[in-house]
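Structure first, commentary second.
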Amino acid sequence: MNMALAILSRDVKTAFRSGGGWFYALFFFAVFTALAAIAFGPSLGALRAAAPAAVWLAAALAIQFAAADLFERDMNDGSLRVIAAEQGRLFPYWLAKSALLALTAAAPLILTAPFFLTMLGVPFAQGIGAALLLLIGAPALFFIAVLTAALSTGLRAGGLLAMIIAAPFAAPVLVFGVTATKAFFAGAALFGPEALILGALSLFMAAATPVFAIAALRVSLE
Amino acid sequence: MNMALAILSRDVKTAFRSGGGWFYALFFFAVFTALAAIAFGPSLGALRAAAPAAVWLAAALAIQFAAADLFERDMNDGSLRVIAAEQGRLFPYWLAKSALLALTAAAPLILTAPFFLTMLGVPFAQGIGAALLLLIGAPALFFIAVLTAALSTGLRAGGLLAMIIAAPFAAPVLVFGVTATKAFFAGAALFGPEALILGALSLFMAAATPVFAIAALRVSLE
Amino acid sequence: MLSRFSNPAKFEAFARGAGPVAFIVFVIGAAYGLYAGLFMAPAEKFQGDSARIMYVHVPAAWTALAAYSFIAMMSLIAFVWRHSLADVAARSAALPGVVFTGLALFTGAVWGKPTWGAYWVWDARLTSMLLLLFIYFGYMAVWQAVPETARAARFARILALVGFINIPIIKFSVDWWNSLHQTASVMRLDGPTIHPSMLWPLLAMAVAYTALFAWLVFTGMRATLIRQRLEARSARKPSRPTTVEAV
Amino acid sequence: MSPYRRAISLAAENAGCDRAGAAIVRGVTFSLGPGEGMQLFGPNGSGKSSLLSMFAGLIDLAEGVVGWRVDGAAVEAAPEAGVFFLGHEASVKPALTAEENLRFWAKASGGGDVDAALAAVDALSFRHLRAGRLSAGQKRRVDLARALLVDREVWLLDEPTAAIDRDGVKIIRKLIDDHLARGGIAVIATHDDLGDGFKRLELAR
Amino acid sequence: MSPYRRAISLAAENAGCDRAGAAIVRGVTFSLGPGEGMQLFGPNGSGKSSLLSMFAGLIDLAEGVVGWRVDGAAVEAAPEAGVFFLGHEASVKPALTAEENLRFWAKASGGGDVDAALAAVDALSFRHLRAGRLSAGQKRRVDLARALLVDREVWLLDEPTAAIDRDGVKIIRKLIDDHLARGGIAVIATHDDLGDGFKRLELAR
Ligand code: HEM
Ligand SMILES: Nc1ncnc2c1ncn2[C@@H]1O[C@H](COP(=O)(O)OP(=O)(O)OP(=O)(O)O)[C@@H](O)[C@H]1O
Ligand SMILES: Nc1ncnc2c1ncn2[C@@H]1O[C@H](COP(=O)(O)OP(=O)(O)OP(=O)(O)O)[C@@H](O)[C@H]1O
Ligand SMILES: [Mg+2]
Ligand SMILES: [Mg+2]
């Protein structure tokens with residue numbers, strides 16, 4: 001726990017200090033929204049129809065990109081080796097890094113989603129609902145991102161490789177995320193069957209990925 | 001020249017050897033197309049509307065991402081210092097790295113764009129036009145990517161920072177790229193005013209960025 | 001069974017015999033299947049001769065799916081029993097798997113043009129096949145990206161297993177996705193009722209593809225094993241302590 | 001300088017390890033009891049670093065036995081919260097100052113006096129410099145200072161004197177002596193002989 | 001071992017350099033003519049690496065004069081195609097083998113006998129290993145072998161013996177002696193005294 005908290009607070013500090021990595025996901029979101037507006041605009045109707053897809057795709061990409069160098073630096077400068085050698089377990093480390101990603105990438109995205117959706121012509125109240133759905137589905141996206149980052153740590157062009165590996169995993173989340181959001185915008189209940197499946201995907205990824213991610217980190221230290 | 005060729009051929013070799021970095025950009029495109037289709041699809045009408053934005057965003061992201069570790073490794077392992085100390089000038093080095101990026105990221109993307117656009121429901125002939133527009137606009141994107149990669153190498157803050165620096169520069173390229181492509185798909189002439197602006201942006205970036213990129217690399221060695 | 005395959009030398013002896021047999025089965029099966037399918041079987045009622053591409057397409061799709069299951073199974077064996085021959089088998093199945101997936105996609109796309117009027121539509125089956133291709137690519141990329149075989153194997157096992165869990169999820173989600181918004185342009189094929197004259201060539205082709213797959217895997221494994229032996233031969237002598245002195 | 005709470009010992013019997021499938025080291029036999037240190041010599045590529053990684057549990061044992069004992073009782077792997085590992089790289093974050101880097105390690109392992117640690121490696125003068133700006137030897141000192149924060153009985157040091165100046169080498173020798181005096185054990189891979197008072201294991205190819 | 005084509009000399013008069021705005025070294029005065037080498041000593045952080053970077057033209061001169069002469073004629077900066085620079089890091093690409101790494105440097109600088117260079121640093125046994133698998137000292141040897149490919153009159157070496165085993169140190173000493181015998185010059189920042197036959201410059205903080 002000490003370990004996890006120490007890493008988390010150090011990395012948050014570094015993120016703020018060196019160029020604001022925390023701000024990145026948000027920025028990505030803004031660019032994405034602007035492009036969507038250009039592509040589907042100027043009719044608000046078309047924009048609104050495209051909004052669920054745009055917001056989920058933006059979330060998936062932003063989280064995946066933000067995860068790209070989650071472990072890379074610790075690997076290169078030897079800290080990961082030290083942590084593994086001195087702590088024995090890598091679970092606290094994994095936990096800290098996941099929390100970091102959640103705080104710096106997923107959270108800002110979810111919090112600001114309603115605003116960006118307003119720009120796409122979605123009423124604010126519906127935007128809040130969409131953000132709640134993101135909250136349910138984003139964990140799946142980011143556990144996948146953490147796993148693929150661990151798998152590609154230390155490899156050349158690791159970020160792109162991670163992206164390739166992640167795509168098939170992200171696809172189901174996108175499918176249910178978009179349909180849930182569309183259904184909600186069309187008047188269905190917020191927590192319909194799609195939302196339940198989204199939640200199930202998140203739980204499943206939370207349960208299935210840590211073991212594999214930690215195993216992958218260990219292999220990269222050999 | 002010896003230097004530039006030696007670096008280029010070494011890096012191409014490394015790219016082929018370690019996991020096929022050369023085809024990552026292509027692959028990224030495929031993944032991006034599939035994810036966009038899954039988010040916006042399956043109706044071909046909606047996909048076709050999303051296509052111009054998707055292809056430009058994919059190009060910008062792929063190039064920016066591929067550039068992320070263009071200088072990073074040479075910086076970390078000391079080769080860049082050796083080259084600067086022993087060669088005096090960094091222009092051949094910059095040239096080799098730019099050519100590398102063009103060959104491994106920009107070129108495969110432009111060449112395969114018509115094909116991926118077909119998958120988004122764009123007729124092949126229109127896809128060729130879109131690829132030509134990419135050819136006009138992509139140089140701007142990649143000179144920006146090289147510059148920001150150099151800047152972020154110096155600042156030791158990595159790929160994310162590069163993206164943030166790049167975004168304001170890349171945004172106009174994206175906007176004009178998307179509107180040009182949209183107009184062309186809607187029946188306008190291929191080389192309309194937006195295409196001219198795109199070309200102008202590319203020329204401007206080609207002229208303006210090398211000096212700054214090389215200066216940034218020098219700073220990072222201080 | 002397991003122990004028979006656990007010893008690389010025994011396996012190689014087996015593969016030396018089984019490889020040619022598989023190849024012969026492939027040649028005979030494909031010769032019969034293609035001849036019967038292309039010339040003897042009747043043209044399909046609605047699609048005419050273009051439906052003959054079925055004899056290439058359908059078994060390719062089957063084999064592509066089977067190949068991934070094979071990889072996942074081998075990876076599980078390698079993961080649980082740390083069995084390096086299973087890694088070799090899984091790795092050798094990847095390229096044939098990609099080839100069959102690519103063949104299914106390509107022939108499907110070619111077939112799609114006359115029947116649907118487009119090379120590609122985002123139909124459930126097509127989409128999930130495309131995602132399978134991505135899983136294959138990711139798996140191969142990991143093998144490629146990690147130069148040390150022993151390390152690459154461990155990464156690859158992890159990915160193959162997680163990927164396998166993911167396949168039913170993909171299948172399920174994509175079906176769901178597509179069923180919600182049908183597009184008019186997609187002509188649904190509810191499996192043409194198959195006459196024996198079409199079924200036999202189809203089955204023959206399936207057998208031929210499976211034999212081809214087996215042959216490719218055997219050949220790939222033998223090549224890998226030979227390379228590994230060469231590497232082991234050129235490997236350095238281990239260091240040994242010369243002096244151990246007390247204080 | 002109170003003695004360590006646990007008495008840890010390490011013994012190897014015919015031990016060996018592999019890297020990427022190739023046999024690297026074979027037949028390593030030694031034993032270290034509380035208060036004993038061992039210098040590990042050997043030409044470049046003979047497997048010193050690999051052995052340290054193996055003791056730390058990062059690489060699997062390929063042959064033979066490696067036995068740990070904590071207060072007499074045998075344990076399977078390196079004892080929990082027992083190892084201090086100093087690798088070839090400096091494991092400092094360039095964006096943080098020397099002091100912040102150490103505060104992080106102190107916090108991560110639950111305590112430790114950062115000021116004392118900085119003083120012990122003569123690093124007070126650059127405590128407020130960002131680690132990215134430190135010289136090679138200064139970085140290495142910061143990494144060494146971690147030893148004084150984590151309070152571990154087993155020290156695994158990979159070329160601790162690399163990039164360190166002559167005064168620094170004396171400091172390191174003293175740190176190790178203090179550690180052994182407290183009942184710790186140390187395995188030190190090095191090309192510079194640190195002097196007497198250590199067991200020696202020489203690897204040859 | 002034919003003599004170098006150019007006779008290069010380097011002299012500094014009261015020279016100094018800054019890093020990130022802070023004065024790091026001041027008042028450095030020495031002169032090196034063809035065939036002369038200089039060892040640069042000094043505690044960690046005293047500015048040895050900074051001085052080498054300055055001679056290589058990577059850091060600006062902040063004070064005083066640094067003068068280069070090529071065959072008697074004064075030139076402004078380090079002579080073109082005249083410098084071999086060995087930094088703290090090993091500048092090898094992990095994905096390429098030891099030999100491929102050297103072939104790259106040979107190609108980049110237009111020539112050089114890779115086999116001879118590998119043999120000179122006793123690196124033949126691991127020439128086909130990927131550099132990512134090499135041990136610290138093996139990597140360093142590959143980096144040193146570059147010296148024999150590029151045929152430069154000025155050698156700037158930052159701790160050449162770091163991570164190198166005892167036989168390797170002798171090899172390095174011999175490489176430097178040969179270089180000086182051919183009429184080259186060398187500045188060597190180091191903590192290990194390489195022995196007699198060099199000028200010495202001691203930096204103090
Ligand atoms: C790129 C496009 C296509 C892909 C990726 C694709 C993929 C597949 C796959 C994965 C299967 C095996 C499914 C299973 O056995 O459960 C299959 C079977 C089949 N495909 Fe395709 N297909 C494509 C296009 C087409 C087209 C255009 C047609 C005909 C109009 C077609 C007709 C069939 C038939 C008849 C079967 C066997 C029926 C069955 O076993 O249910 N496919 N295809
Ligand atoms: N990550 C790795 N993967 C595969 N092989 C490796 C790896 N690291 C080292 N080796 C191999 O193991 C052998 C021993 O390496 P090791 O780093 O243990 O040597 P060392 O004794 O520490 O040498 P040095 O004195 O140069 O530090 C070397 O021949 C090297 O090729
Ligand atoms: N990139 C840099 N930016 C700013 N300051 C630096 C940088 N590199 C080094 N310094 C500062 O310059 C001083 C001298 O560093 P330098 O690396 O030259 O020392 P050194 O004599 O080589 O030490 P060592 O023996 O540890 O290698 C140090 O105090 C360091 O803080
Ligand atoms: Mg070592
Ligand atoms: Mg130095």
Side-chain angles (χ1 to χ4, degrees), chain A residues 49 53 56 137 140 143-144 146-148 150-180 182-183 186 188 192-194 197-198 200-201 204-205 207-222, chain C residues 68 72 75-76 78-80 82 87 98 101 122 124 126-182:
Chain A
W56 277 94
F143 285 118
I144 296 164
V146 175
L147 171 67
T148 54
L151 272 168
S152 61
T153 298
L155 307 182
R156 218 193 81 88
L160 289 181
L161 179 62
M163 177 87 197
I164 294 170
I165 302 176
F169 292 89
V173 187
L174 283 182
V175 168
F176 290 108
V178 174
T179 47
K182 273 190 175 159
E194 296 94 343
I197 298 179
L198 264 188
L201 280 175
F204 174 76
M205 293 298 173
T209 61
V211 178
F212 292 111
I214 291 171
L217 286 176
R218 284 219 160 260
V219 176
S220 66
L221 285 173
E222 267 179 10
Chain C
Y68 192 77
S75 300
L76 182 66
F79 197 80
V80 176
R82 299 208 156 197
D87 284 323
V98 168
T101 313
W122 292 92
L126 275 58
T127 306
S128 53
M129 200 65 174
L130 185 66
L131 290 172
L132 176 67
L133 185 72
F134 288 168
I135 293 184
Y136 269 119
F137 275 156
Y139 179 76
M140 285 175 64
V142 164
W143 271 111
Q144 279 287 310
V146 187
E148 289 88 15
T149 317
R151 248 161 37 106
R154 301 207 188 175
F155 279 130
R157 286 172 202 162
I158 293 174
L159 186 57
L161 284 178
V162 193
F164 193 61
I165 309 172
N166 199 36
I167 281 189
I169 302 181
I170 291 179
K171 182 92 185 96
F172 163 57
S173 68
V174 174
D175 282 346
W176 172 291
W177 170 59
N178 202 37
S179 67
L180 273 191
H181 15 180
Q182 277 298 334

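Residue numbering restarts at 1 for every chain, and letters A, B, ... go by the order of the sequence lines. Basis for what follows: all heavy atoms, side chains included, without hydrogens, waters or symmetry-related copies.
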Could you look at [X] and say if it's the side chain, the backbone, both or neither that has a heavy atom under 4.5 Å from chain C?
X        : answer
A:Phe176 : side chain
A:Ala213 : neither
A:Leu201 : side chain
A:Ala215 : both

Which of C:Asn166, C:Ile165, C:Ile170, C:Ile135 passes side-chain contact (heavy atoms from CB on, under 4.5 Å) with A:Phe169? Answer is C:Asn166
Please check this pair: side chain of C:Arg151 against backbone of A:Ser220, looking for a donor-acceptor N/O pair closer than 3.5 Å.
yes
To the nearest 0.5 Å, what is the distance between CD1 (C:Ile169) and CZ (A:Phe204)?
4.5 Å
Using non-hydrogen atoms only, which part of C:Phe79 is less than 4.5 Å away from chain A: side chain, backbone, both, or neither?
side chain
Please list all pairs meeting salt bridge (Lys or Arg N to Asp or Glu O under 4.0 Å) that have one or both residues in residues 155-165 of chain C, counting only residues at least two apart or in different chains.
C:Asp87-C:Arg157
For C:Tyr139, enumerate each residue passing the side chain to side chain donor-acceptor pair (under 3.5 Å) test, keeping only those at least two apart in sequence or located in another chain.
C:Trp143
All heavy atoms of A:Ala150 vs all of C:Phe155, minimum pair found to be O-CE2, 4.2 Å
All heavy atoms of C:Ile158 vs all of A:Ala216, minimum pair found to be CD1-N, 3.7 Å
Specify which of C:Gly163, C:Ser173, C:Ser128 makes the most heavy-atom pairs with chain A at under 4.5 Å.
C:Ser173
